[in-house]
Amino acid sequence: MMLRNYSIIVPFSGGVESTALVYHLKTTGYDPYCFHIKANPGEVNTIQQKAKLLDVKVVTVQTDYNPHEGYLFNREASHEHYKNTFNYDGLPPMHYAWATIAFNLAMTNVVKCVYFGHNGGRLTPDDTLGDNFHEFGEKQYEGYVNAAKTLDLDLTFQAPLAHLSKQEQYQMLPDNLKKLIYVCRHGTDKHCMKCKKCEELKAICTKEQLQYYV
């Protein structure tokens, strides 16, 4: 079996931005190494289907997304904090986990570039309703870049499609990939069509495309 010479690592959630990013890289001649953090059934059920269509390797990493009691010494305070500041379910953001795993992969394999999905904070081309917490993710990368420098590795974190809104990235995908997009926050194997992520999906789809998910 011929080994693939990967030069790019991509955190691949299977949502709009990461799928658009991998599609963009493949159609422009790159072969990214992708990893996926196991979070909920909907993502897991479609991630390898997308990998096959895109002809990419996707390794699934399992982390303790909802830690057990022995891991948290103040679950109630943590839950209340994140419920008030981040999302309805009270769980901490996943950005730090994606960044940490990407950094470890880059260090272990001496890969100098991590590409991540980003919509520039825009849901559609003319608004500012996109993912507000991507800036938080970008700030975390600065520490990893500095850490890499001490090991003489010129590591960069880039978002090649950040100039495009979520809608523009979604509409650049072929229909067979659109049908496999999964974004729901409720952790079930189907879209609830009620959570914030599902509402965003409804805003960027045509009526015909929306039928893929309901």
Side-chain angles (χ1 to χ4, degrees), residues 1-63 94-95 97-120 131 134 137 141 153-184 189-191 197 200-201 204-206 208-213:
M1 183 177 66
M2 185 176 68
L3 295 176
R4 294 161 80 158
N5 185 23
Y6 298 109
S7 60
I8 299 171
I9 293 171
V10 174
F12 189 24
S13 70
V16 174
E17 289 85 356
S18 64
T19 304
L21 172 60
V22 176
Y23 175 73
H24 166 73
L25 291 173
K26 291 295 294 186
T27 54
T28 52
Y30 293 96
D31 188 23
Y33 179 94
C34 306
F35 72 91
H36 170 256
I37 297 178
K38 185 176 181 181
N40 60 57
E43 288 184 358
V44 173
N45 291 345
T46 62
I47 199 74
Q48 291 302 331
Q49 295 179 62
K50 287 190 280 280
K52 185 176 181 179
L53 282 176
L54 289 162
D55 185 30
V56 293
K57 181 180 182 65
V58 180
V59 175
T60 294
V61 179
Q62 187 160 358
T63 64
M94 288 290 286
H95 298 85
W98 292 103
T100 300
I101 293 169
F103 175 74
N104 288 337
L105 283 170
M107 292 295 96
T108 303
N109 296 283
V110 194
V111 174
K112 296 184 177 182
C113 190
V114 175
Y115 281 1
F116 61 98
H118 190 354
N119 62 31
D131 290 335
H134 271 289
Y141 299 146
L153 181 61
D154 186 20
L155 179 64
T156 61
F157 287 80
Q158 302 177 35
L161 300 183
H163 61 289
L164 299 175
S165 67
K166 183 185 287 285
Q167 185 176 59
E168 289 170 311
Q169 293 184 41
Y170 177 83
Q171 296 300 348
M172 71 184 279
L173 295 171
D175 285 344
N176 57 355
L177 279 174
K178 286 190 180 84
K179 292 176 181 179
L180 294 174
I181 290 293
Y182 186 87
V183 301
C184 186
D189 59 354
K190 294 182 180 180
H191 284 85
K197 288 293 185 180
E200 289 181 354
L201 187 63
I204 65 175
C205 292
T206 65
E208 291 76 18
Q209 293 163 346
L210 193 58
Q211 298 309 306
Y212 301 155
Y213 314 106

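Dense packing is recorded around OH of Tyr6, with more than 12 heavy atoms of other residues, nucleotides or ligands lying under 6.0 Å away.
Contact check for Val183 versus Glu200: no side-chain heavy atoms found under the 4.5 Å cut-off. Using a 4.5 Å cut-off on side-chain heavy atoms (C-beta onward), Tyr213 and Cys205 make contact. Counting only heavy atoms from C-beta outward, the side chains of Thr60 and Gln48 approach each other to under 4.5 Å. The shortest side-chain heavy-atom distance between Val56 and Pro32 falls under the 4.5 Å cut-off. Taking the side chain as every heavy atom from C-beta outward, Leu177 and Leu53 approach each other to under 4.5 Å. Taking 4.5 Å as the limit, every side-chain heavy atom of Tyr115 sits out of range of all side-chain heavy atoms of Val22. Side chains of Ile37 and Pro11 form no contact here, defined as non-hydrogen atoms less than 4.5 Å apart.
Contact between Tyr33 and Lys57 at its shortest, heavy atoms only, is CE1-CD, 3.8 Å. Contact detail for Ala106 and Val114: the closest heavy-atom pair is CB-CG2, 4.5 Å. For the pair Phe157 and Ala102, the tightest heavy-atom approach, listed with the atom from each and the gap, is CE2-CB, 4.3 Å. Summarising the geometry of Leu180 relative to Gln49, their closest heavy-atom pair is CD2-OE1, 3.4 Å, with the distance given to 0.1 Å. Closest of all the heavy-atom pairs between Val111 and Ile8 is CG1-N, 3.9 Å. Shown here for Met107 and Leu155, the closest heavy-atom pair between the two residues is CE-CD2, 4.2 Å.
Here the straight-line distance linking atom NZ of Lys112 with atom CG of Leu153 works out to 6.5 Å at 0.5 Å rounding. Rounding to the nearest 0.5 Å places OG of Ser18 at 15.0 Å from OH of Tyr23. Lys179 NZ to Lys50 NZ: the interatomic distance, rounded to the nearest 0.5 Å, is 14.0 Å. With values rounded to the nearest 0.5 angstrom, Cys34 atom SG is found 8.0 Å from Leu25 atom CG. Here the straight-line distance linking atom OG of Ser7 with atom CG of Asp31 works out to 8.0 Å at 0.5 Å rounding. Atoms CZ and CG, from Phe12 and Leu54 in turn, are 5.5 Å apart once rounded to the nearest 0.5 Å.
A cation-pi geometry, defined here as NZ or CZ lying under 6.0 Å from the six-membered ring centre and within 45° of its normal, holds between Lys178 and Tyr170.
Tested against Lys166 for a side-chain hydrogen bond (donor to acceptor under 3.5 Å, both in side chains), the candidates Glu17, Gln171, His118 yield a single pass: Glu17.
Using the six-membered ring where Trp is involved, His191 and Tyr182 have ring planes that are tilted, between 30° and 60° apart.
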Next item on the list: Test Thr19 against Ile181 for side chain to side chain contact (heavy atoms under 4.5 Å, CB included), laying out the working first.
Entry: CA-CA 8 Å; Thr19 304; Ile181 290 293; 3.6 Å; yes
Item checked: CA sep, side-chain torsions, deciding dist, call: Ser165, Glu168, side chain to side chain donor-acceptor pair (under 3.5 Å) -> CA-CA 5 Å; Ser165 67; Glu168 289 170 311; 3.2 Å; yes
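A donor-acceptor pair under 3.5 Å is absent between the side-chain atoms of Gln169 and the main chain of Val16, judged by distance alone.
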